[in-house]
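One structure is given here, and the rest of the page talks about it.
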Amino acid sequence: MSTNHPDDATGNPAASAEKYPPPPPETPVERKGRMIALFVMPFLIVTMMYATYMGTMHDPQPRDLPVAVVGAGAAADRFAEELEAGSDGALEVRRVADVAEAEDLVRDQEVAGAIAVPAEGRTATVYRAMASGASQATLVDRTLGAAAVAESWQVETVDVVPLPEGDGSGTMALFAAMGMMLAGYVPLSGMLLGTPNLLRVRRFLPIAVGWGALTSSLVWLVLGPLVGAVDGHYPLFLGVGTLAVTAVASAQLLFTKVLGPFAVLLGMLLWVVFGVPSSNLALSVHAMPGFLQWLHGVLPLPAAGEAIRSAVYFDGAGFWGHVLTLALWLVVGLGLAVLKERRSGDLIVGGPLYTEPDAPLPALSGGPVAPYRRRLVAVALFPLSIVVTVVTLMSLSMHQPDIRDMPVAVVGPADAAGQVVDQLEPALGDYLDLQVVGSQEEATDLIRSQDVVAAYVLPGGAGESPTLVTAGGAGASQQSAVTQMFAAVAAEGGGELATDDIAPLTEDDTGGSNSMYVGMGWIMAGFLFFAVMRGGAPDLTRTRQLLPLVAGWSVGISVWLWFLYDVLIGAVNGHALELIGYGTLTVFAVAWASATLIRVGGLGALVPVMIVVMLAGVPASGGGLSIYMVPDFFRPLADILPLPAAVDLARSLVYLDGTGVGGDLLVIAIWGIVGVALNFLVVDRWLNRPGAAPHAPMGPRYRPERPAKSTDTDTDTDTDTDTDGGADGQALAGASRAG
């Protein structure tokens, strides 16, 4: 068998053309429709992802958070009533008799936390579980702690179910569930184009089960032995993972049979876009809108993640309910897919009209015709590499936040400040990089330029308190960490720490995540554009053909994202011209940098592109965790990758008076200039070299025709003239131009 012939898998172009007639030439109207669709696809993906994330996560507030009040008597009754009445719907309060019952409710995840009303003394105890997620534990501490302070009580906290050292951030279950969702739905697009013969239910189901076992084993291998986020529990991951992957794959098969290539949009929306905020694994679901709280009990990602978390941390409380959710997705999805197949046949709308293994199909969209074995390898390796890459990079960088070398200035006279540094070094030297600064004004400038995280200003005289100067807009996680450290330092010295936030977070950005979503939206809009173009317009092989398309896309999507974030969601206020301008440059630069690999390597090159421009940039950006809390490997990347530069552009613009914007723009411009130059000088020549394999035909695609009203004359005519290939010939005549 020839493996390098561009025409068909048999190496005989004449035989292939006779057996599989190519589609007729594309008309101008069809070409215009195809190009419009290629802009619509990335627009919808970027919009639905970041509209959901920004809309739900920019200002998370507790809603119906279940808590318990422990105590007896009139005082406890009054406190419980006032707690619920004053929460304005944020809390659902129940009374329990004793601490043991409250702790059981927390372990069973029936309440998020509990507070014991002090019978004697002035100390109230708050019970919660870090294993339920840092976000939910923080909500409990904040709401119940504030209520205790309002009663003039001291607060003591008990962690009923603590996290192990290997999963310090509590994100292990989230990354496991995300990997399972990706493994379930990503392969279907490649299978539809390259191996459509495997999409018959009887063939697909055993493949899906085996694929689920393989990918869930790899997810466990990454999170367990490689990263150390989970100890043991392989049978759990194998069982839940195989069920979750097979369930999602079966439902995605149904979507594909109904929607064809556009099923990827519905799958992404359900499995990831809605799945993450409703999961209760990233942010507490009790801080999400009501419809996401409902989806928490419906979607597979919450079910898979909660099942794993329940078994690992909560002795299986609620485990079988989550497994039932996954089983229902499997049974319903598979059953409806069988019914759809029996009613409509094996061909899928928008899919190839020819489904046999020797049909002239590409391994991945936009590529040349490939032999069947190569297509099998491609449709397996492409999603497998995405799953392993996402789970590995995200878990490796975020599973165990550990503060190292966080720069902090100590402000005061040189002798006094130096003495304080010497005193703090034994206890904090492993965490902080302490440096002496002569004045508070100089320290403030260093904070704005992000050269230091905070400044500890020594008291000017007896009876005065030390002051910690921070910038919440530069990073909420690092501000919280350094504030806790120096509050303890001040308390040891017999004083109380005063704080000065020179760049406080806005009311529309309470978690400090808006800058990250702004930057990620620009970056995704850049690399996704060329991924779609490579798959849907491989005939555009010259940079000069693509330049106006990329420029128009960069301006248009940047205007839309500003409108979405500012006007529709209200999360990023003002700075319209700057955000549109910076966004346009970022999208344009990232698109051309990504094109260097994607145009040459096809969609298979999307994985290294995602690593460089997106995945490695998330921990390096400081948009979620502080850069001083992630592994040292990511720190140098903050100065060279486009995502950290994009995040810092948004952050500096909104919070830090534009400090450092010039350096960020320079980084992004270099990526763009180098990308355009390489495409002009190298990629164009490579794609248009003599002997280059042409891309596979853009069709024919299957498009079922609506049955026409027939008369006796029509029936007779059809019967007499049906000599051009029977049903397949009629389908080709009616559907060939759909591709």
Could you give the distance from [atom1] ([X]) to [atom2] ([Y]), rounded to the nearest 0.5 Å?
X      : Y      : atom1 : atom2 : answer
Met181 : Leu270 : CE    : CG    : 11.5 Å
Met524 : Met49  : CE    : CE    : 4.5 Å
Thr389 : Leu384 : OG1   : CG    : 9.0 Å
Arg309 : Leu163 : CZ    : CG    : 9.0 Å
Asp59  : Glu507 : CG    : CD    : 8.0 Å
Met54  : Ile569 : CE    : CD1   : 6.5 Å

* For atom CG of Asp231, decide whether the heavy atoms of other residues, nucleotides or ligands shown that lie under 6.0 angstrom number more than 12. => no
* Asked: Would the number of heavy atoms belonging to other residues, nucleotides or ligands and lying under 6.0 Å from CZ of Phe262 be above 12?
  -> no
Is any side-chain heavy atom of [Y] closer than 4.5 Å to one of [X]?
X      : Y      : result
Val613 : Leu643 : no
Leu205 : Thr246 : yes
Trp220 : Leu236 : no
Met288 : Arg63  : no
Arg94  : Glu110 : yes
Pro277 : Thr52  : yes
Thr256 : Met191 : no
Pro60  : Thr510 : yes

Kindly give the heavy-atom pair with the smallest separation between [X] and [Y], and that separation in Å.
X      : Y      : answer
Ile627 : Ala620 : CD1-O, 3.4 Å
Glu92  : Asp64  : OE2-CB, 3.7 Å
Val272 : Tyr53  : O-OH, 3.5 Å
Ser365 : Gly536 : OG-N, 4.5 Å
Leu326 : Pro300 : CD2-O, 3.7 Å
Ser397 : Val630 : O-CG1, 3.6 Å

Under 3.5 Å, is there a donor-acceptor pair between the side chain of [X] and the main chain of [Y]?
X      : Y      : value
Ser477 : Leu625 : no
Arg534 : Gly366 : yes
Asn514 : Val572 : no
Gln400 : Ala229 : no
Arg375 : Gly194 : yes
Trp329 : Val298 : yes
Asn280 : Val285 : yes
Lys257 : Leu336 : no
Ser279 : Val276 : yes
Ser250 : Leu334 : no

* Start with the C-alpha gap between Met180 and Thr215, add the side-chain angles, then the distance that decides, and say whether side chain to side chain contact (heavy atoms under 4.5 Å, CB included) holds. => CA-CA 7 Å; Met180 294 166 188; Thr215 52; over 6 Å; no
* Structure fact -> Per side chain to side chain contact (heavy atoms under 4.5 Å, CB included), Val387 is matched among Val186, Val219, Val245, Leu218 by Val219
* Apply side chain to side chain contact (heavy atoms under 4.5 Å, CB included) to the pair Phe319 and Phe314, showing each step before the final yes or no. => CA-CA 9 Å; Phe319 175 81; Phe314 292 95; over 6 Å; no
* Should Trp522 and Leu579 be marked as a side chain to side chain contact (heavy atoms under 4.5 Å, CB included) after you check the CA-CA gap, both sets of side-chain angles, and the distance that decides it? -> CA-CA 10 Å; Trp522 292 339; Leu579 287 173; 4.1 Å; yes
* Using the side-chain hydrogen bond (donor to acceptor under 3.5 Å, both in side chains) rule, collect all pairs that involve residues 259-272, keeping only residues at least two apart or in two chains. => Gln252-Trp271
* Asked: Is a salt bridge present between Arg107 and Asp315, judged by a nitrogen-to-oxygen distance below 4.0 Å?
  -> no
* Are the ring centres of Phe291 and Phe274 closer than 6.0 Å? -> yes
* Asked: How about Phe529 and Phe39: are their ring centres within less than 6.0 Å of each other?
  -> yes
* Take Phe204 and Glu341 through the side chain to side chain contact (heavy atoms under 4.5 Å, CB included) test and state the conclusion after the steps. => CA-CA 12 Å; Phe204 181 82; Glu341 191 172 286; over 6 Å; no
